[in-house]
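Predicted model only: the values in this text are computed from it and were never measured.
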Amino acid sequence: MSRQLSMDTVRQNFWKEEYLREKMLRCEWHHKYGSLVKAKQKAKAAARLPLKLPTLPPKAPLSPPPTPKAVPSRASSPALEAPIQSEMYPVPPATRALLYEGISHDFQGRYRYLSTRKLDVPEKRYLFPITTNFTYGWQLGPPVKQELVSCKMCRIESFFRKNGAFSLLDPRDLAL
């Protein structure tokens, strides 16, 4: 839509009146409905705030059951040392001491602690498999390194199909 260049005084006055009339309508609407809109906005903002839950008073720790003194003490296993709520065995003191030596930027501190902790098998870190994915690595044993004894061309020839992509499959190419 092109702009009309023939603006005379009558047309200018028309647009001036139209602009003022719209401005007055907006002011009247704001005067009439502005407080309702602000109240709705405040209600929506209050509904968006996170729900604050009440804090629970701390429970008194349960006293441990009395142990009979006639039973000789045995070497405690890591499972007995771990609290019931924890799903991991406690960290050995030597490994925990790595946390406080140096900073991660220098590959010490937290970085070194996590790398040494990662080297332990899951059975030594966790009491039981926490997720179903843990069952894949649980009691897997040490990794076995398999060396490729074939040459590069042998691998290439055995990898690619000999008959082409769209030809009938050769029975030797199918896995049983």
Side-chain angles (χ1 to χ4, degrees), residues 37-176:
V37 170
K38 283 188 178 183
K40 284 183 181 178
Q41 287 175 346
K42 285 183 181 178
K44 283 185 180 179
R48 275 185 274 169
L49 290 176
L51 178 66
K52 188 169 184 176
L53 298 174
T55 57
L56 296 174
K59 287 185 178 180
L62 298 173
S63 60
T67 57
K69 299 196 184 335
V71 177
S73 63
R74 293 182 289 165
S76 60
S77 66
L80 297 175
E81 293 175 4
I84 296 173
Q85 290 93 9
S86 176
E87 49 202 27
M88 294 183 79
Y89 290 123
V91 181
T95 310
R96 184 179 295 269
L98 294 175
L99 274 172
Y100 308 107
E101 296 174 5
I103 58 174
S104 293
H105 181 74
D106 299 330
F107 302 110
Q108 294 176 348
R110 182 173 176 261
Y111 177 85
R112 198 155 142 221
Y113 166 79
L114 290 174
S115 3
T116 33
R117 193 80 169 125
K118 182 175 57 174
L119 295 176
D120 290 340
V121 291
E123 298 88 34
K124 289 186 180 178
R125 287 183 285 165
Y126 295 94
L127 295 169
F128 52 88
I130 297 169
T131 63
T132 53
N133 281 338
F134 271 37
T135 57
Y136 295 114
W138 205 259
Q139 297 176 349
L140 195 58
V144 178
K145 186 176 180 182
Q146 295 179 349
E147 294 184 20
L148 295 174
V149 292
S150 64
C151 64
K152 181 180 175 184
M153 285 308 294
C154 296
R155 289 193 304 264
I156 290 174
E157 287 174 3
S158 64
F159 180 79
F160 293 106
R161 205 179 266 168
K162 297 173 184 46
N163 298 336
F166 298 109
S167 64
L168 295 174
L169 294 176
D170 187 57
R172 291 177 293 176
D173 292 336
L174 296 176
L176 297 176

I need the [X] [atom1] to [Y] [atom2] distance, nearest 0.5 Å.
X: Asp106; Y: Glu101; atom1: CG; atom2: CD; value: 13.0 Å
X: Leu99; Y: Leu114; atom1: CG; atom2: CG; value: 7.5 Å
X: Tyr111; Y: His105; atom1: OH; atom2: NE2; value: 12.5 Å
X: Leu119; Y: Lys124; atom1: CG; atom2: NZ; value: 11.0 Å

Open item on the list: Quick check: do Phe128 and Glu87 have side-chain heavy atoms less than 4.5 Å from each other?
Closed with: yes
Open item on the list: Quick check: closest heavy atoms across Tyr126 and Tyr89, and the distance to 0.1 Å?
Closed with: O-CE1, 3.3 Å
TODO: Look at the side chain of Arg117 and the backbone N and O of Thr95, then say whether any donor-acceptor pair between them is shorter than 3.5 Å.
DONE: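 No, the answer is negative, given that no donor and acceptor are paired below the 3.5 Å cut-off.
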TODO: Could you tell me whether Arg110 atom CZ has more than 12 heavy atoms of other residues or ligands within 6.0 Å of it?
DONE: no
Open item on the list: Take a 6.0 Å sphere around OH of Tyr100 and say whether it holds more than 12 heavy atoms from other residues, nucleotides or ligands.
Closed with: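 Open: at most 12 neighbouring heavy atoms sit under 6.0 Å from OH of Tyr100.
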